[in-house]
Amino acid sequence: MTSRHGRRTAAPTSSTRVNRRSAAALALAAVLAAAAPAARAGLFDDDEARRRIEALRQELSQQGRDNEARIARLEESIRNIGVIELVRQIEQLNAELARLRGQLEVVANDNQQIQKRQRDFYLDLDSRLKRLEGGGTAAPSAAQPEAPPGANAFGPRPPAKDDQAREMKAYDAASNLFRRNDFPGAIDAFRAFVKEYPGSALAANAGYWIGISYANMRDYRNALAAQEELLAKFPQSSKAPDALLAIAAIQAEQGDAGSARNTLEDIIARYPGTEAALKARSRLSAVRR
């Protein structure tokens with residue numbers, strides 16, 4: 001075989017061609033061998049990623065189910081709390097209603113007692129005013145003032161009209177305080193009246209209402225002392241039976257039923273046929289129950 005430059009070269013033999021093919025095959029095998037680990041690594045990486053993705057998907061799905069269950073439990077708790085709170089509020093309202101009913105009954109009873117005391121007070125005051133208008137004088141007692149020098153030898157002079165007006169004004173002022181339930185003020189005013197007009201026909205009444213004012217304040221010790229003072233100073237006063245009735249009521253209020261019965265029986269014995277005796281009989285039957 002002749003080359004481009006005129007030299008002769010040997011023609012390739014069949015063995016040479018075989019060697020070349022073998023070398024090419026070996027080179028291809030080496031290339032494939034080198035690429036195989038990378039391919040296997042890529043394949044393995046894809047499987048791991050798929051497993052992780054699937055695990056993550058399952059985890060998210062489970063978390064979603066857990067959240068739904070938790071929300072359902074919360075909603076049920078909220079509904080239960082609402083019902084319990086409603087029941088509690090209803091119970092509170094019922095208790096408040098019962099308390100208000102009890103207070104209403106107490107107020108109604110107190111109102112009846114106040115109205116009764118006011119009726120008694122007005123009746124007593126009216127009778128005293130009629131006596132004064134008729135020229136009546138106070139019952140003799142140790143509190144009757146001595147006649148001033150130059151007075152009528154047969155007894156003290158009747159008070160002048162101006163004095164009577166001042167006396168009634170002072171008594172009315174004390175009475176108004178009592179009607180307004182200003183019992184401390186009424187006590188002071190009635191005491192001032194007794195001090196200013198010790199011989200007044202209303203002095204015993206003032207002492208009586210002093211005791212009643214103390215009783216309304218639940219100061220039973222002073223209430224009892226005031227009525228006993230009335231009995232000591234004005235034993236013949238028409239207010240004496242009422243004072244005994246007040247004493248019996250105070251004794252009953254303090255739980256001394258025995259003393260209350262004795263006082264009521266004393267009224268019946270000392271003042272038979274009087275209104276005070278009738279009241280004493282009625283109250284005595286109540287105390288004996």
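As the structure is a computational prediction, the values presented were derived from the model and not from experiment.
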Exercise for the section: For the residue pair Asp188 and Leu177, establish whether any side-chain heavy-atom pair is separated by less than 4.5 Å. Expected result: no
Practice task
State, yes or no, whether a side-chain contact exists between Asn216 and Asn181 at a heavy-atom distance under 4.5 Å.
Solution key: no
Completion exercise
Between Ala174 and Ala186 the two heavy atoms that sit nearest each other are O-CB, 4.0 Å
Handout entry: Side-chain ion pair, Arg73 and Glu76, N-O less than 4.0 Å
Key = no
Practice task
Please name the pair of heavy atoms, one in Leu230 and one in Ala204, separated by the smallest distance, quoted to 0.1 Å.
Solution key: CD1-O, 3.0 Å
Handout entry: OG1-CD1 distance between Thr263 and Ile268, expressed to the nearest 0.5 angstrom
Key = 11.0 Å
Exercise for the section: Could you go through the salt bridge (charged side-chain N to carboxylate O under 4.0 Å, His left out) check for Arg57 and Glu54 one step at a time? Expected result: CA-CA 5 Å; Arg57 185 182 296 111; Glu54 182 63 24; 2.5 Å; yes
Practice task
Output, in order, the C-alpha distance, side-chain angles, deciding distance and verdict of side chain to side chain donor-acceptor pair (under 3.5 Å) for Arg65 and Ser61.
Solution key: CA-CA 6 Å; Arg65 288 192 295 271; Ser61 177; 2.7 Å; yes
Exercise for the section: Identify, with sequence neighbours excluded, every residue that meets salt bridge (charged side-chain N to carboxylate O under 4.0 Å, His left out) alongside Arg52. Expected result: Glu48
Practice task
Starting at OG1 of Thr274, measure out to NZ of Lys279 and round the result to the nearest 0.5 Å.
Solution key: 9.5 Å
Practice task
Under 4.5 Å between side-chain heavy atoms, chaining through other members, with only Ile, Leu, Val, Met, Phe, Trp and Tyr counted: pull out the rest of the cluster around Leu60, sorted by chain and number.
Solution key: Leu56
Exercise for the section: For residues Ala206 and Val194, report the shortest heavy-atom separation together with the two atoms involved. Expected result: CB-CG2, 3.5 Å
Practice task
Check whether any side-chain heavy atom of Arg270 sits under 4.5 Å from a side-chain heavy atom of Leu244, and report yes or no.
Solution key: yes
Practice task
Could you tell me which non-hydrogen atom of Ala203 sits nearest to which non-hydrogen atom of Pro198, and how far apart they are?
Solution key: CB-O, 3.8 Å
Completion exercise
Note: Ser213 and Ile187 closest approach over all heavy atoms is CB-CG1, 3.5 Å
Completion exercise
Output for pair (Leu202 CG, Phe190 CZ), nearest 0.5 Å, gives 9.0 Å
Problem - Asn67 side chain vs Gln63 backbone, donor-acceptor pair below 3.5 Å - result: yes
Exercise for the section: Report yes if some heavy atom in the side chain of Phe183 is under 4.5 Å from a heavy atom in the side chain of Phe178; otherwise report no. Expected result: yes
Handout entry: Joint hydrophobic cluster, Ile247 plus Leu278, side-chain heavy atoms closer than 4.5 Å
Key = no
Practice task
Count the heavy atoms of every other residue, nucleotide or ligand shown that sit under 6.0 Å from CD of Gln89, and state whether that count exceeds 12.
Solution key: yes
Handout entry: Rounded distance (nearest 0.5 Å) linking atom OG of Ser259 with atom CG of Asp266
Key = 12.0 Å
Completion exercise
CZ (Phe193) and CE (Met168) are apart, to the nearest 0.5 Å, by 7.5 Å
Practice task
Check whether any side-chain heavy atom of Leu231 sits under 4.5 Å from a side-chain heavy atom of Gln227, and report yes or no.
Solution key: no
Exercise for the section: Decide yes or no for Phe234 and Lys239: does some side-chain heavy atom of the first lie under 4.5 Å from some side-chain heavy atom of the second? Expected result: no
Exercise for the section: Answer yes when Glu229 and Lys233 have at least one side-chain N-carboxylate O distance shorter than 4.0 Å, and no when they do not. Expected result: yes
Exercise for the section: Please round to the nearest 0.5 Å and tell me the distance separating atom CG of Asn262 and atom CD of Gln251. Expected result: 8.0 Å
Handout entry: Beyond-backbone contact of Asn222 with Met217, side-chain heavy atoms, under 4.5 angstrom
Key = no
Exercise for the section: Grab the two heavy atoms, one from Ala232 and one from Pro235, that are nearest each other, plus how far apart they are. Expected result: O-CD, 3.8 Å
